[in-house]
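The basis for the numbers below is simple: all heavy atoms, side chains too, and nothing from hydrogens, waters or symmetry mates. Here the structure is a predicted model, which is why all the values come from computation and not from measurement.
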Amino acid sequence: GKTDEVISRIVRRNQMKILGLLEKSPQEFSLSVSGISPNRILQLVHQLACQGLVLSSLNVTSASDAITGYTAEIEVSNVN
């Protein structure tokens, strides 16, 4: 599928919520996600890499409320 669809599917599979997904160019994507565990964020990054997306930037922060848990700003580039 298209790269943005692949990203969305992987985020949902990791039981995380997409806060934003931006296609900066046909090869570059920026996304914001939230989830209950920072380990899930790292699993997400690993699974994105397995789909041919190289991590350019990762910023994980603790959210202000316990329900959200953590948010992450992620930038990836498609190497295919």
Side-chain angles (χ1 to χ4, degrees):
K2 292 176 32 180
T3 303
D4 58 342
E5 293 169 356
V6 170
I7 291 171
S8 296
R9 186 177 67 243
I10 292 172
V11 171
R12 285 192 312 272
R13 188 184 307 148
N14 281 280
Q15 299 175 342
M16 301 182 79
K17 181 178 177 183
I18 293 180
L19 303 175
L21 176 58
L22 174 67
E23 185 174 351
K24 296 168 76 174
S25 76
Q27 302 299 320
E28 292 181 296
F29 295 84
S30 176
L31 62 147
S32 300
V33 298
S34 66
I36 58 169
S37 165
N39 289 332
R40 287 207 185 216
I41 294 170
L42 295 178
Q43 288 173 343
L44 169 68
V45 170
H46 172 76
Q47 291 170 7
L48 291 172
C50 290
Q51 293 296 318
L53 294 164
V54 175
L55 181 67
S56 304
S57 172
L58 173 63
N59 183 19
V60 180
T61 56
S62 179
S64 58
D65 61 76
I67 296 170
T68 303
Y70 295 86
T71 57
E73 303 290 328
I74 304 169
E75 292 187 5
V76 292
S77 300
N78 196 339
V79 295
N80 295 333

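- For the atom pair OG (Ser30) and CG (Leu22), the distance works out to 5.5 Å, reported to the nearest 0.5 Å.
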Item to check | Stepwise side-chain contact (heavy atoms from CB on, under 4.5 Å) test for Arg9 and Val6 | outcome: CA-CA 5 Å; Arg9 186 177 67 243; Val6 170; 4.0 Å; yes
Next on the checklist: One pair to check against side-chain contact (heavy atoms from CB on, under 4.5 Å): Ile74 and Leu44. What are the steps and the verdict?
Outcome noted: CA-CA 10 Å; Ile74 304 169; Leu44 169 68; 3.8 Å; yes
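- Nearest heavy atoms, Ser32 versus Glu73: OG-OE1, 2.7 Å.
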Output side-chain donor-acceptor pairs under 3.5 Å for residues 54-62, partner residues at least two apart or in another chain, one line each.
| unit_1 | atom_1 | unit_2 | atom_2 | d |
| --- | --- | --- | --- | --- |
| Ser56 | OG | Ser77 | OG | 3.3 |
| Thr61 | OG1 | Thr71 | OG1 | 2.8 |

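- Here the closest heavy-atom approach between residue Tyr70 and residue Pro38 is recorded as CE1-CD, 3.3 Å.
- Cluster membership check: Ile41 does not share its hydrophobic cluster with Leu19, using side-chain heavy-atom separations under 4.5 Å among Ile, Leu, Val, Met, Phe, Trp and Tyr.
- Sorted by first and then second residue, the pairs that involve residues 38-47 and meet side chain to side chain donor-acceptor pair (under 3.5 Å), not counting sequence neighbours, are Asn14-Gln47, Gln15-Arg40.
- Counting heavy atoms from C-beta outward, Phe29 and Ile7 have side chains that approach closer than 4.5 Å.
- Pairs passing the salt bridge (charged side-chain N to carboxylate O under 4.0 Å, His left out) check and including a residue from residues 11-23, sequence neighbours excluded, do not occur.
- Shown here is Leu21, whose CG atom has more than 12 heavy atoms of other residues, nucleotides or ligands within 6.0 Å.
- Residue pairs meeting the salt bridge (charged side-chain N to carboxylate O under 4.0 Å, His left out) criterion with at least one member in residues 24-34, sequence neighbours excluded, are Lys24-Glu75.
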